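Report on one structure; see the data block that follows.
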Amino acid sequence: MTQIAYPHFVAGGETWTADRIFVCSGADFETLYPELYANSGITKVKLQMMRTIPQPNDWRIGASLCGGLTLTHYSSFAHCPSLAALKTRIEAETPHFPKWGIHVMMSQNASGELVLGDSHEYGLTPDPFDRSEVNQYVLDYLKKFAQVPSFAIAETWHGIYAKLPGKTELIAEPEPGVTVVNALSGAGMTLSFGLAEAVMQRSK
Ligand SMILES: Cc1cc2nc3c(=O)[nH]c(=O)nc-3n(C[C@H](O)[C@H](O)[C@H](O)COP(=O)(O)OP(=O)(O)OC[C@H]3O[C@@H](n4cnc5c(N)ncnc54)[C@H](O)[C@@H]3O)c2cc1C
């Protein structure tokens, strides 16, 4: 979609008409309503990820795994009384983890590959290049609490999502009939179905 003037919008070079228009363009803040995003406080988060070769002999991990760093990443653990002490220790002994927003999780897909991550770099202009030392930090930490048949890495990549610090989403109506839904941050795969239902109900 390259242009909106409710009830019309342009997509794929064609002009369309719709009763309601929802703009869910993720980390592209530049194409549609750039001034709305520029004034919102929204930013981008870049996450480096890795995937191993399929594990030999159909080996399965079972449950997904994470380590102590994850306690410092998710606000669900904010009430833990010893969290401050843990953060202080990590900052003193391994400052590269907070510096690159690293916490380490491992899960397995249906092809038997292990999916490993991740780091968090914040800012509107994420670097297109990945940092090999960040992937190494993730692997080294993982190997301290997990043993698997093969840590041979087949692929590395990074993803980028939109985040509005302090909020779980950004919902705006830049013009009547048009709703922007964005900034689900690192929880969009979990929350988006419920949010979509709620937003549709609200805008009926
Ligand atoms: C590495 C990584 C790990 C994650 N892990 C988790 C997790 O474990 N659990 C969880 O809940 N969430 C996770 N997330 C977050 C989740 O993926 C995002 O919150 C979610 O994808 C946001 O959905 P969205 O539809 O808003 O944006 P996106 O998924 O970014 O989709 C936006 C789409 O709009 C398209 N688009 C943009 N501009 C236009 C335009 N002008 N016209 C037409 N199309 C356009 C884009 O090409 C894109 O396909 C993770 C994200 C990353 C990157």
Side-chain angles (χ1 to χ4, degrees), residues 1-6 8-16 18 20-38 40 42-52 61 63-67 69-71 73-77 100-109 113-124 126-131 134-135 137-139 142 153-172 174-175 178-200:
M1 203 187 309
T2 49
Q3 207 181 323
I4 301 173
Y6 183 85
H8 307 296
F9 64 92
V10 179
E14 278 185 61
T15 301
W16 304 76
R20 286 181 289 162
I21 300 173
F22 294 89
V23 182
C24 310
S25 43
D28 181 343
F29 309 149
E30 292 82 18
T31 307
L32 298 165
Y33 305 109
E35 65 290 345
L36 181 150
Y37 289 116
S40 69
I42 202 168
T43 192
K44 300 180 188 182
V45 186
K46 171 186 167 187
L47 297 81
Q48 286 186 208
M49 299 287 301
M50 291 171 276
R51 188 152 61 195
T52 68
I61 187 179
S64 300
L65 295 182
C66 65
L69 285 176
T70 297
L71 301 174
H73 183 73
Y74 291 115
S75 56
S76 322
F77 300 110
W100 300 113
I102 293 171
H103 76 113
V104 177
M105 299 194 292
M106 171 167 69
S107 60
Q108 192 172 31
N109 64 19
E113 301 156 332
L114 298 172
V115 182
L116 318 174
D118 49 18
S119 56
H120 297 77
E121 288 179 65
Y122 300 81
L124 285 169
D127 196 332
F129 302 105
D130 287 351
R131 297 174 194 279
V134 163
N135 288 345
Y137 291 145
V138 170
L139 275 174
L142 181 62
I153 300 299
E155 281 127 347
T156 67
W157 74 98
H158 70 253
I160 296 175
Y161 60 66
K163 180 181 179 72
L164 186 60
K167 305 270 186 210
T168 50
E169 72 268 334
L170 167 71
I171 298 181
E175 55 183 292
V178 180
T179 309
V180 168
V181 185
N182 206 329
L184 276 94
S185 191
M189 288 194 281
T190 314
L191 301 178
S192 54
F193 298 97
L195 181 68
E197 201 175 340
V199 171
M200 293 298 285

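Start at 1 and go down the list; that is how both ligands and their atoms are numbered. Computed from a predicted model, the values in this text were never measured in an experiment.
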Do me a favour and list the nearest non-hydrogen protein atom to [atom] with residue, atom name and distance?
atom: atom 32 (C) of ligand 1; value: C24 O, 3.5 Å
atom: atom 19 (O) of ligand 1; value: S185 O, 2.6 Å
atom: atom 3 (C) of ligand 1; value: L47 CD2, 4.1 Å
atom: atom 42 (N) of ligand 1; value: M1 N, 2.6 Å
atom: atom 46 (C) of ligand 1; value: S25 O, 4.6 Å
atom: atom 10 (C) of ligand 1; value: G186 O, 3.1 Å
atom: atom 27 (O) of ligand 1; value: G26 CA, 3.6 Å
atom: atom 51 (C) of ligand 1; value: Y161 CD2, 3.4 Å

Which atom of [X] lies closest to which atom of [Y], heavy atoms considered:
X: M50; Y: N135; answer: CE-O, 3.4 Å
X: I4; Y: E175; answer: O-OE2, 3.7 Å
X: Y6; Y: A18; answer: CE1-O, 3.6 Å
X: L195; Y: I171; answer: CD1-CD1, 4.1 Å

Review point. What atoms of ligand 1 come within less than 4.0 Å of a heavy atom belonging to A187?
Key: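 What qualifies from ligand 1 is 10 (C), 11 (O), 12 (N).
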Point to revise | Under 4.0 Å to a heavy atom of G159 - the qualifying atoms of ligand 1, by number | key: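 Taking each heavy atom of G159 in turn, ligand 1 has 53 (C) under 4.0 Å.
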Review point. Using heavy atoms and a threshold below 4.0 Å, how should the contact between T190 and ligand 1 be classified: side chain, backbone, both, or neither?
Key: both
Can you find a protein heavy atom under 4.0 Å from [atom]?
atom: atom 35 (C) of ligand 1; result: no
atom: atom 6 (C) of ligand 1; result: yes
atom: atom 23 (O) of ligand 1; result: no
atom: atom 38 (N) of ligand 1; result: yes
atom: atom 29 (O) of ligand 1; result: no

Exercise for review: Take atom CH2 of W157 as the centre, draw a 6.0 Å sphere, and report whether it contains more than 12 heavy atoms from other residues, nucleotides or ligands.
Suggested key: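 Yes, the 6.0 Å shell around CH2 holds more than 12 heavy atoms from other groups.
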Review point. Taking atom CD of E197 as the centre, does the number of heavy atoms from other residues, nucleotides or ligands within less than 6.0 Å exceed 12?
Key: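 No - once you tally the heavy atoms of other residues, nucleotides and ligands closer than 6.0 Å, there are 12 at most.
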Check your understanding: Would L32 count as a contact of ligand 1 if the rule is a heavy atom under 4.0 Å away?
Key ->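 Per 4.0 Å heavy-atom rule, L32 contacts ligand 1.
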Exercise for review: Quick one: sort the W16 and F9 rings into parallel, tilted or perpendicular, breaks at 30° and 60°.
Suggested key: parallel
Practice item. Could you tell me whether a side-chain N or O of Q48 sits under 3.5 Å from a main-chain N or O of R131, the two making a donor and an acceptor? Key: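 Looks like yes, one N/O pair under 3.5 Å.
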Point to revise | Heavy-atom donor-acceptor pair, S119 side chain to W100 backbone, under 3.5 Å | key: no
Point to revise | Closest to atom 17 (O) of ligand 1 (judged by heavy-atom distance), picking from Q48, M49, M189 | key: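 Heavy atom nearest to atom 17 (O) of ligand 1 belongs to M189.
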**Study point:** Rounded distance [0.5 Å steps], CD in E35 versus OG in S40
**Key:**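 Going from the CD atom of E35 to the OG atom of S40 covers 11.0 Å.
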Exercise for review: Working to the nearest 0.5 Å, report the span between NZ of K46 and NE2 of H158.
Suggested key: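 Going from the NZ atom of K46 to the NE2 atom of H158 covers 5.0 Å.
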Review point. For D28 and T31, does a side-chain donor sit closer than 3.5 Å to a side-chain acceptor?
Key: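 Note: D28 and T31 side chains meet the donor-acceptor criterion.
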Check your understanding: Under 3.5 Å, N or O to N or O, is A27 touching ligand 1 that way?
Key -> no
